[in-house]
Each structure stands twice: as C-alpha cells, then as structure tokens.
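The block underneath contains the structure these notes are about, expressed in structure tokens.
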Amino acid sequence: MLKYLSTRNIKNKVKPSLAILNGLADDGGLYMPDDLDLIKVDYQELIKRNYLEMANIIFQIFFPDFTSTEIKKIVNDSYDHKFDNKLITPLVKVDDSYVLELFHGPTGAFKDIALSALPLLMKSAMIKNQIDHDILILTATSGDTGSAALHGFSDIPKIKIIAFYPKLGISEIQKRQMTTSNGKNTEACAINGNFDDIQNNVKQIFQQNPNAALSSANSINIGRLVPQIVYYFSAYQQLVTAKAIAINDPVNFIVPTGNFGDIMAGYLAKIMGLPINKLVCASNQNDVLTEFFNTGRYNKDRAFYQSTSPSMDILISSNLERLLYLICGVDNTIEYMKKLENNHEYTITKTELAKMQETFIADQRNDQQTMITIKNVYDHTHYLLDPHTAVAYGVYQANHDQLKQNINVILATATPFKFNKVVLEALNIPSQNDEFINMDILAKNTAINIPISLTNLAKKTIIHHDEIEIKEMAAYVSQRINQHE
Ligand SMILES: *Cc1c(COP(=O)(O)O)cnc(C)c1O
C-alpha cells in the first residue's frame, strides 16, 4: 500500500491518513508518495469520466487507507453543488490558447478546490486514527488560502483553525472573507509582517510544539496537493472533447506560482502519466523561482516586493522541496534546505538543473507588464484576467516561440472581481477606494457578472479584529493549545 515518506528521511514513513493529519513530517520535511509506480494511471481511461469520478479515482490512489465509500462522500461533499460551474474547472478558449478557470468555488480563488476537500479528509482521518482530542490548524496565508481554509473548515467538528495573514498587501475582499468568517471554530489574525515571516513562524511553532495537536492547511499538506492534480486531467479531457488535441498530444501548462503547490500538482499529474510537455512557472517581481530554474541558484536574500498579485508574493516556495527530493534525492535535499536556512541560498548541480529544465520553464512579469496584459487581452478578446492569471498570460506571450508547437493552457487562479482595483486601473476605468463599490463598477463596465460568492460579502459582520506582531505569534498559539487540553 502507498505510504508517505519525508523528503528529509525516506525511512520516516506514515500511512496516508496520518500524512494528512500531520501536515509536515516531524523532521521538517514534506510528505511524498514512497512508490511512484503506485500512482501511475491509465489516463485515457481516467479522462472518460466526469470531474467527480476522476477526483474519486485520484483520491483513492493517493489515499488508499480510506475506503471507497469514504472517498466518495468526501468528493461529493467537496464539489457537488459547491461550485458555480458544473465542470468545476471549465476550460475557455482565449485567442490561440486556453484558460482553465479554477475560481468557481466559494471564495473565488483556486485554493477552494483543495480546501473544500482537505477538512473532510482530515475529519475522516481523525476518526480512522481514533483521535478524539481537538486538532488546531495553523495557516499562514498571503490572502487566498486563509479565506478558503476558514470557509472549508467552518464548523468541522473537533478541528479549530487560525488563519494568520499579513496586515498589508492583501486585498480588502480577501481580508473581509477572513474577518467575517463565522464558524464556531474559526479565527483570523492580522500579523505585522509579510507572508514569508508568517510562514516561517508557523513552521517554527510546529517544531517547538512537537507534542501538540497542531496541523497545517497550507499547500505543504499532501491533502492540499492531491485535489489539485484532478484539474490537470480535467483540462486535458476538455481539450480532447473540444477536439483541440488528439489523445496523447502533449500539452503545456502555464502556472502563476507562489508556494509552488499548484505547479507541483501538475508535475505529479505528469508522473501519473498525463501527457504534459512543459510546466511553465510564472512569477511576479518576486522572481526567486525564475532565477532558480534558469541558473540553478536559489537565493532568498532579495528585496521583497508587494506586488499587484499578492498571492504570489513569496520568497520561500515551500513545495519546491518536493521537486528537489524527486530530482536531487534526499541527501542533497537535506543539504540544500540546511544551506537555505543558514546561508539563505543554495545551488543545485548542473545535472540536476538540466533534469528540471526538461520539464520546467520559468519567467517573470512585473506589475506594469501585467497591467498591460490585462488591458490587451481584454481589448482583443473581451476576456478579463485577474492580476495573478495575467502574470501567467504575460509569461506565455513572452515565451510564445518556445511554447507554440503545443496547445497551451493558462491556469486562471482567481476571479478578476477579487482584485478589482488593479483590474479597473489596468482597464483605465476610474476606481474608488471601496473594493465593494469597485466590484459593481467592474461589472457595469465589462458586462461580466460578479460571482455570487462575492456579492454578499459587504453585508457580513466583521467578527475577527485581532492584530499582533510576528514575535507574539507563538504566545498567541500556545494560549489556544492550552485551551485544548
Ligand atoms: C495561492 C495562489 C497562487 C499561487 O499558487 P501556489 O500553489 O502557491 O504556487 C496564484 N494565484 C492565486 C490567485 C493564488 O491564490
């Protein structure tokens, strides 16, 4: 049966339900399947099925200690009637490429796809492992994870969740989705720091409290990654159905990237057997990954930009450790992670880099270029991109020569209404300071409907007002751990 090993110790194995509950391995590594042969699928058979059926099969492959009845219920409760599109992740033709819309869930960003399922996977895993104490989930968020996680975990029994978000650099809508979360078990807290500070602190809190019932809803959790694999297959299926490709034609995916979770799910889909040619890692001005994939050097000592695509404002892309493990092996992964901690940088070998470059291309777009992309694409096609998706679209256009031999799919990770101020500015439409008024302005000017999930937000009561310093996080958490005993 498939188990999960740590990227820092291949002997440290746990069963899938425990990998989901633990989030991070106790040695600080990330969980990976211990036998990649066990995740191979007959993709041609798989893509004959609808989204929910594909999710069923993929979840069953990665989480074999859940029964098929349990998986079926989890998948149904996650996706059936929770998304405003029957296909869950519809594919739209835009100019000479395709856009895969991942934002039809309850909070308008792609994180809903994983965070609709993770809480239910955890709940089921707790029962399976006879865990009867409460678990506290700590989430570092650059905006979208927090809102999707608070929504997904809302009123799940025996699980509590705190979302820590940076006080500056997230949109009013993202913030409002968190501060109005009204689950009995949900909390949101603003931190005076950036996402990397918060993520590092959450990691430290885990290491300082090895015996506490803590877990993570961040994309380091394998229960987050697996649901994201499904839409790569869905995209391929929709391309085949539309006769845009023939079976076995390789496809490129262009992925707006931050923590390297979304694109890592694509790499797993490729390992499973989906014909993927290139995975294009698109970054904003926080281009640490662009440098990495082009030179082999990962250097986190660089200026941190607060960009117009805040969910990608990340200098330490945690999920990259999974790729390092696959390409460089466990010993080098340990060495690189140590170097990253102590020297703030590491460089992989030329051979390792060449191996990565067989699949990965990386490039970046700054805010100004991204604004132009939003405007140009809208003017030419009437398709409206959010700033994150526009980064990917811009990278696609800039690398067109290298990509044009294949069909290209750009992953659209958020609805433009969630980041309306930037989108209005890009379109040269006067905006206001109130993002809720801006939603209406954007809808009127583009004749595109505001997603239902966002229309009621302005009326909801703000419940969570906490705001603390980075150094206060550990104490904030320990207060809540103690309450659980
Ligand atoms: C989280 C997020 C991303 C980045 O995804 P990763 O899995 O962290 O690489 C991109 N766009 C949006 C809108 C997001 O919320």
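We use all heavy atoms of the structure for the numbers below, so side chains are in, but hydrogens, waters and symmetry mates are not. Order of listing sets the numbers, starting from 1, for every ligand and every atom in it.
Gly258 N, 2.8 Å is the protein heavy atom nearest to atom 9 (O) of ligand 1. Nearest protein neighbour of atom 11 (N) of ligand 1, counting heavy atoms only, is Thr413 OG1, 2.8 Å. At the shortest separation from atom 6 (P) of ligand 1 among protein heavy atoms lies Asn259 N, 3.5 Å. Here the heavy atom of the protein found nearest to atom 7 (O) of ligand 1 is Asp262 N, 2.9 Å.
Judged by distance alone, the side chains of Asp313 and Asn284 do bring a donor and an acceptor atom under 3.5 Å apart.
Between Tyr298 and Tyr336, the gap from one ring centroid to the other reaches at least 6.0 Å. A distance of 6.0 Å or more separates the ring centres of Tyr236 and Tyr232. Here Tyr476 and Phe164 bring their ring centres to under 6.0 angstrom of each other. Side-chain rings of His388 and Phe110 stay apart, their centers remaining 6.0 Å or farther from each other.
Within the 4.0 Å heavy-atom cutoff, Ser219 does not count among the residues contacting ligand 1. For the pair Phe103 and ligand 1, no heavy-atom separation below 4.0 Å is found.
With Tyr325 as the fixed residue, the side chain to side chain contact (heavy atoms under 4.5 Å, CB included) test singles out one of Leu30, Ile334, Asn332, Thr333: Thr333. Of the options Arg297, Met337, Lys338, Glu341, a side chain to side chain contact (heavy atoms under 4.5 Å, CB included) to Tyr346 is made by Met337 and by none of the others.
Using the six-membered ring where Trp is involved, Tyr4 and Tyr31 have ring planes that are perpendicular, over 60° apart on the 30 and 60° scheme.
Applying the 4.0 Å criterion to heavy atoms of Phe110 picks out, from ligand 1, the atoms 1 (C), 2 (C), 3 (C), 5 (O), 7 (O), 14 (C). Of all atoms in ligand 1, numbered sequentially from 1 with element shown, those under 4.0 Å from a heavy atom of Asp144 are 12 (C), 13 (C), 14 (C), 15 (O). Close approach of ligand 1 to Gly261 (heavy-atom distance below 4.0 Å) involves ligand atoms 6 (P), 7 (O), 9 (O). With ligand atoms numbered from 1 in the order given, ligand 1 contributes 13 (C) to contacts under 4.0 Å with heavy atoms of Ala414.
At a heavy-atom distance under 4.0 Å, only backbone atoms of Phe260 (N, CA, C or O) approach ligand 1.
Comparing heavy-atom distances from atom 2 (C) of ligand 1 across Gln228, Lys111, Met312, Arg224 singles out Lys111 as nearest.
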